[in-house]
Amino acid sequence: MKLKSCENCLMYGSDKKPLARARVVEVEEDVLKLYFGIPQLRNARLKTIVDFYDPQQGRVRCLCDIDLKKNPRAYESGEPWMADCVILKIYEAVQRQKDLRVKVRMVQEFVADDGRFITGTLYNISAGGMFMTTTQTLAKGQRISFQYRFKTETQKVTARVLRVEEVYGGYGYGCQFIGVAPDVEADIRNFVYMNQMQKQLERQQRSDIEDDML
(Lines give C-alpha, C1' and ligand atoms only; values in the text may rest on other atoms or scores of the structure.)
Protein backbone atom coordinates (compact mmCIF):
# COMPACT_ATOMS: atom_id res chain seq x y z
CA MET A 1 0.00 0.00 0.00
CA LYS A 2 1.27 3.45 -0.83
CA LEU A 3 -0.04 6.19 1.43
CA LYS A 4 -0.97 9.24 -0.62
CA SER A 5 -0.06 12.13 1.69
CA CYS A 6 -0.33 10.77 5.22
CA GLU A 7 0.96 13.13 7.93
CA ASN A 8 -0.34 11.56 11.16
CA CYS A 9 -0.97 8.20 12.77
CA LEU A 10 -2.07 6.67 16.05
CA MET A 11 0.03 3.79 17.37
CA TYR A 12 -1.41 1.19 19.71
CA GLY A 13 0.53 -0.64 22.41
CA SER A 14 0.97 -4.39 22.67
CA ASP A 15 -2.17 -4.38 24.88
CA LYS A 16 -4.20 -3.08 21.88
CA LYS A 17 -4.82 0.24 23.64
CA PRO A 18 -4.04 3.64 22.03
CA LEU A 19 -0.48 4.55 23.01
CA ALA A 20 0.72 7.65 21.16
CA ARG A 21 0.18 9.68 18.05
CA ALA A 22 3.03 10.35 15.66
CA ARG A 23 4.08 12.39 12.67
CA VAL A 24 4.56 10.22 9.58
CA VAL A 25 7.31 10.46 6.99
CA GLU A 26 7.12 7.96 4.13
CA VAL A 27 10.53 6.60 3.10
CA GLU A 28 9.28 4.17 0.46
CA GLU A 29 6.22 2.01 -0.06
CA ASP A 30 5.37 0.21 3.20
CA VAL A 31 8.45 1.69 4.97
CA LEU A 32 7.93 4.75 7.19
CA LYS A 33 9.52 6.90 9.85
CA LEU A 34 7.36 7.87 12.83
CA TYR A 35 8.19 10.79 15.13
CA PHE A 36 6.67 11.16 18.61
CA GLY A 37 6.30 14.40 20.55
CA ILE A 38 5.78 12.82 23.99
CA PRO A 39 8.60 11.75 26.34
CA GLN A 40 6.75 8.83 28.00
CA LEU A 41 8.03 6.08 25.71
CA ARG A 42 10.86 3.58 25.83
CA ASN A 43 13.09 1.59 23.53
CA ALA A 44 11.04 -1.32 22.18
CA ARG A 45 10.60 -3.62 19.21
CA LEU A 46 7.03 -4.78 18.67
CA LYS A 47 4.40 -5.78 16.17
CA THR A 48 1.31 -3.67 16.73
CA ILE A 49 -1.66 -1.88 15.18
CA VAL A 50 -1.24 1.57 13.67
CA ASP A 51 -4.07 3.73 12.33
CA PHE A 52 -2.81 5.90 9.48
CA TYR A 53 -4.85 9.01 8.68
CA ASP A 54 -4.48 9.38 4.93
CA PRO A 55 -6.24 12.29 3.21
CA GLN A 56 -7.25 10.26 0.16
CA GLN A 57 -7.75 6.75 1.53
CA GLY A 58 -9.22 7.61 4.93
CA ARG A 59 -8.22 5.95 8.17
CA VAL A 60 -6.19 2.87 7.25
CA ARG A 61 -5.56 0.24 9.94
CA CYS A 62 -2.37 -1.81 9.57
CA LEU A 63 -0.26 -4.35 11.41
CA CYS A 64 3.24 -2.90 11.63
CA ASP A 65 6.71 -3.86 12.75
CA ILE A 66 7.85 -1.00 15.01
CA ASP A 67 11.40 -0.31 16.15
CA LEU A 68 11.04 2.47 18.73
CA LYS A 69 14.13 4.40 19.78
CA LYS A 70 15.35 7.81 20.89
CA ASN A 71 15.51 10.47 18.22
CA PRO A 72 19.12 11.69 17.81
CA ARG A 73 17.84 14.95 16.30
CA ALA A 74 15.27 15.66 19.00
CA TYR A 75 16.86 19.03 19.73
CA GLU A 76 15.85 20.18 16.23
CA SER A 77 12.31 18.85 15.99
CA GLY A 78 11.21 18.68 19.63
CA GLU A 79 10.27 15.02 19.08
CA PRO A 80 12.18 12.88 21.62
CA TRP A 81 11.26 9.50 20.11
CA MET A 82 11.18 8.02 16.63
CA ALA A 83 10.44 4.62 15.10
CA ASP A 84 11.25 2.67 11.99
CA CYS A 85 7.91 1.33 10.80
CA VAL A 86 7.30 -1.43 8.26
CA ILE A 87 3.71 -2.20 7.21
CA LEU A 88 3.21 -5.95 7.40
CA LYS A 89 -0.51 -6.25 6.74
CA ILE A 90 -3.36 -3.94 5.79
CA TYR A 91 -6.54 -4.76 7.66
CA GLU A 92 -8.93 -2.22 6.16
CA ALA A 93 -9.64 1.36 5.31
CA VAL A 94 -11.78 1.94 8.40
CA GLN A 95 -13.46 5.10 7.17
CA ARG A 96 -13.26 7.18 4.05
CA GLN A 97 -12.14 10.74 4.64
CA LYS A 98 -15.54 12.37 4.08
CA ASP A 99 -17.20 9.99 6.57
CA LEU A 100 -14.72 10.56 9.36
CA ARG A 101 -16.38 12.93 11.82
CA VAL A 102 -15.31 14.36 15.15
CA LYS A 103 -17.38 15.92 17.92
CA VAL A 104 -16.45 19.48 18.81
CA ARG A 105 -18.00 22.42 20.65
CA MET A 106 -16.91 25.61 18.92
CA VAL A 107 -18.73 28.95 19.08
CA GLN A 108 -18.38 30.49 15.64
CA GLU A 109 -19.62 33.49 13.67
CA PHE A 110 -21.27 32.69 10.34
CA VAL A 111 -22.39 34.92 7.47
CA ALA A 112 -25.62 33.88 5.74
CA ASP A 113 -26.19 34.43 2.02
CA ASP A 114 -28.84 37.05 2.90
CA GLY A 115 -26.20 39.16 4.65
CA ARG A 116 -27.03 38.26 8.26
CA PHE A 117 -24.27 37.66 10.81
CA ILE A 118 -25.14 34.59 12.86
CA THR A 119 -23.51 33.28 16.02
CA GLY A 120 -23.75 29.50 16.26
CA THR A 121 -22.08 26.47 17.82
CA LEU A 122 -20.39 23.74 15.80
CA TYR A 123 -21.04 20.31 17.35
CA ASN A 124 -19.41 18.01 14.81
CA ILE A 125 -17.38 18.39 11.65
CA SER A 126 -15.99 16.24 8.86
CA ALA A 127 -14.18 16.93 5.60
CA GLY A 128 -17.60 16.94 3.93
CA GLY A 129 -19.75 18.98 6.28
CA MET A 130 -20.83 19.98 9.78
CA PHE A 131 -23.69 20.20 12.25
CA MET A 132 -24.29 23.52 13.98
CA THR A 133 -26.94 25.11 16.19
CA THR A 134 -28.13 28.70 16.49
CA THR A 135 -31.16 30.69 17.57
CA GLN A 136 -31.45 32.09 14.03
CA THR A 137 -33.63 30.55 11.34
CA LEU A 138 -32.17 29.21 8.09
CA ALA A 139 -33.91 27.43 5.24
CA LYS A 140 -32.92 24.27 3.40
CA GLY A 141 -30.60 25.17 0.55
CA GLN A 142 -29.46 28.39 2.18
CA ARG A 143 -25.71 29.03 2.26
CA ILE A 144 -23.57 30.15 5.16
CA SER A 145 -19.83 30.78 5.41
CA PHE A 146 -17.28 31.09 8.20
CA GLN A 147 -13.55 31.47 8.69
CA TYR A 148 -11.37 29.25 10.87
CA ARG A 149 -7.72 28.30 11.23
CA PHE A 150 -7.89 24.52 10.89
CA LYS A 151 -4.14 24.10 10.50
CA THR A 152 -1.73 26.98 9.91
CA GLU A 153 -3.74 29.48 7.87
CA THR A 154 -7.21 30.94 8.33
CA GLN A 155 -9.52 29.45 5.70
CA LYS A 156 -12.97 30.51 4.48
CA VAL A 157 -15.51 27.68 4.20
CA THR A 158 -18.97 27.81 2.62
CA ALA A 159 -21.71 25.30 3.41
CA ARG A 160 -25.27 24.57 2.24
CA VAL A 161 -28.04 23.66 4.69
CA LEU A 162 -29.29 20.13 3.98
CA ARG A 163 -31.24 19.35 7.16
CA VAL A 164 -33.17 21.47 9.64
CA GLU A 165 -34.34 20.36 13.08
CA GLU A 166 -35.59 22.02 16.23
CA VAL A 167 -33.31 21.78 19.25
CA TYR A 168 -33.49 23.17 22.76
CA GLY A 169 -33.26 26.95 22.52
CA GLY A 170 -33.07 27.15 18.75
CA TYR A 171 -32.41 25.19 15.57
CA GLY A 172 -29.93 22.57 14.39
CA TYR A 173 -28.58 22.50 10.85
CA GLY A 174 -26.83 19.68 9.04
CA CYS A 175 -24.70 21.34 6.37
CA GLN A 176 -22.61 20.18 3.42
CA PHE A 177 -19.43 22.01 2.46
CA ILE A 178 -19.45 23.30 -1.11
CA GLY A 179 -16.77 24.63 -3.41
CA VAL A 180 -14.00 23.73 -0.98
CA ALA A 181 -10.51 24.01 -2.50
CA PRO A 182 -8.30 20.89 -2.15
CA ASP A 183 -5.87 22.61 0.24
CA VAL A 184 -8.73 23.80 2.47
CA GLU A 185 -10.30 20.32 2.48
CA ALA A 186 -6.91 18.85 3.44
CA ASP A 187 -6.65 21.30 6.35
CA ILE A 188 -10.16 20.41 7.59
CA ARG A 189 -9.38 16.71 7.30
CA ASN A 190 -6.15 17.16 9.25
CA PHE A 191 -8.10 19.03 11.94
CA VAL A 192 -10.61 16.17 12.16
CA TYR A 193 -7.89 13.50 12.33
CA MET A 194 -5.88 15.30 15.01
CA ASN A 195 -8.96 15.85 17.16
CA GLN A 196 -10.07 12.25 16.78
CA MET A 197 -6.65 10.94 17.77
CA GLN A 198 -6.57 13.24 20.79
CA LYS A 199 -10.02 12.11 21.91
CA GLN A 200 -9.04 8.45 21.59
CA LEU A 201 -5.96 9.02 23.73
CA GLU A 202 -7.97 10.96 26.33
CA ARG A 203 -10.55 8.16 26.54
CA GLN A 204 -7.77 5.64 27.07
CA GLN A 205 -6.16 7.79 29.78
CA ARG A 206 -9.48 8.13 31.61
CA SER A 207 -9.98 4.37 31.38
CA ASP A 208 -6.50 3.76 32.80
CA ILE A 209 -7.17 6.14 35.70
CA GLU A 210 -10.48 4.41 36.47
CA ASP A 211 -8.76 1.01 36.42
CA ASP A 212 -6.12 2.30 38.86
CA MET A 213 -8.86 3.46 41.24
CA LEU A 214 -10.53 0.04 41.40
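Put simply, I87 and M82 are part of two different groups of oily side chains (I, L, V, M, F, W, Y) that touch within less than 4.5 Å, one to the next. Note on I144: it clusters hydrophobically with I125, by side-chain heavy-atom contacts below 4.5 Å among ILVMFWY residues. Note on L68 and Y35: separate hydrophobic clusters, where clusters join Ile, Leu, Val, Met, Phe, Trp and Tyr whose side-chain heavy atoms are under 4.5 Å apart, directly or indirectly. Hydrophobic clustering (ILVMFWY, side-chain heavy atoms < 4.5 Å, transitive): V184 and V111 are in distinct clusters.
Around atom CZ of F117, no more than 12 heavy atoms belonging to other residues, nucleotides or ligands sit under 6.0 Å away. In E165, the CD atom is crowded: over 12 heavy atoms of neighbouring residues, nucleotides or ligands sit closer than 6.0 Å. No more than 12 heavy atoms of other residues, nucleotides or ligands shown are found within 6.0 angstrom of CD on E153.
Using modelled atom types and a 3.5 Å distance limit, the side chains of Q155 and D183 yield no donor-acceptor pair.
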*Derivation and outcome, side-chain contact (heavy atoms from CB on, under 4.5 Å), residues D51 and Q196*: CA-CA 11 Å; D51 284 343; Q196 190 188 62; over 6 Å; no

_For L10 and Y193: C-alpha separation, side-chain torsions, deciding distance, then whether side-chain contact (heavy atoms from CB on, under 4.5 Å) applies._
CA-CA 10 Å; L10 179 63; Y193 289 165; over 6 Å; no

*May I have the step-by-step check of side-chain contact (heavy atoms from CB on, under 4.5 Å) for L34 and V24, ending in yes or no?*
CA-CA 5 Å; L34 309 182; V24 177; 3.9 Å; yes

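No donor-acceptor distance shorter than 3.5 angstrom exists from the side chain of Q108 to the backbone of I118, with no hydrogens or angles considered. With hydrogens and angles disregarded, a donor-acceptor distance shorter than 3.5 Å links the side chain of T48 to the backbone of Y12. Judged by distance alone, with hydrogens and angles left aside, the side-chain atoms of T134 form a donor-acceptor pair with the main-chain N or O of T119 at under 3.5 Å. Of the possible donor and acceptor atoms, none in the side chain of W81 sits under 3.5 Å from a partner among the backbone N and O of R42. Side-chain N or O atoms of K47 include none that pairs as donor or acceptor with a backbone N or O of L88 at under 3.5 Å.
Nearest heavy-atom pair, F52 versus C9, reported as atom, atom and distance to 0.1 Å: CD2-CB, 3.7 Å. Considering all non-hydrogen atoms of both residues, V164 and L138 come closest at CG2-O, 4.0 Å. M194 and R21 make their closest contact through O-NH1, 3.5 Å (heavy atoms, listed as atom of the first residue, atom of the second, distance). In plain terms, the two heavy atoms of A127 and R189 that are nearest each other are CB-NE, 4.0 Å. Listed here is the closest heavy atom pair of I38 and A20: CD1-CB, 3.7 Å. Residues R101 and G129 come closest through the heavy atom pair NH1-O, 4.1 Å.
In this structure, K151 NZ and F191 CZ are separated by 13.5 Å, a value rounded to the nearest 0.5 Å. Taking OH of Y91 as the start and CD1 of I49 as the end, the distance is 4.0 Å to the nearest 0.5 Å. Distance check, rounded to the nearest 0.5 Å: OG1 of T133 to OH of Y171 gives 12.5 Å. Note that the CE atom of M11 and the SG atom of C62 stand 14.0 Å from one another [nearest 0.5 Å]. To the nearest 0.5 angstrom, D187 atom CG is 10.5 Å from T154 atom OG1. Within the model, atoms CD of Q147 and CD of E109 stand 10.0 Å from one another, a figure rounded to the nearest 0.5 Å.
Taking 4.5 Å as the limit, some side-chain heavy atom of V157 sits within range of a side-chain heavy atom of F150. Using a 4.5 Å cut-off on side-chain heavy atoms (C-beta onward), F110 and L122 make contact. Annotation: side chain of K70 is not in contact with side chain of L41 (no heavy-atom distance under 4.5 Å). Proximity of L32 to V50: side-chain heavy atoms (C-beta onward) are nowhere separated by under 4.5 Å. At a threshold of 4.5 Å between non-hydrogen side-chain atoms, the residues S145 and K156 count as touching. Side chains of M106 and Y148 form a contact here, defined as non-hydrogen atoms less than 4.5 Å apart.
Here K69 pairs with D84 in a salt bridge; the nearest charged N to carboxylate O distance falls below 4.0 Å.
In this structure, F177 and F146 have tilted ring planes: the angle between them lies in the 30° to 60° band. Between Y123 and F131, the ring planes are tilted. Angles from 30° to 60° get that label.
In this structure, D67 has no salt bridge (charged side-chain N to carboxylate O under 4.0 Å, His left out) partners at least two apart in sequence or on a different chain.
No option in D114, V161, I178 other than I178 meets the side-chain contact (heavy atoms from CB on, under 4.5 Å) test with R143.
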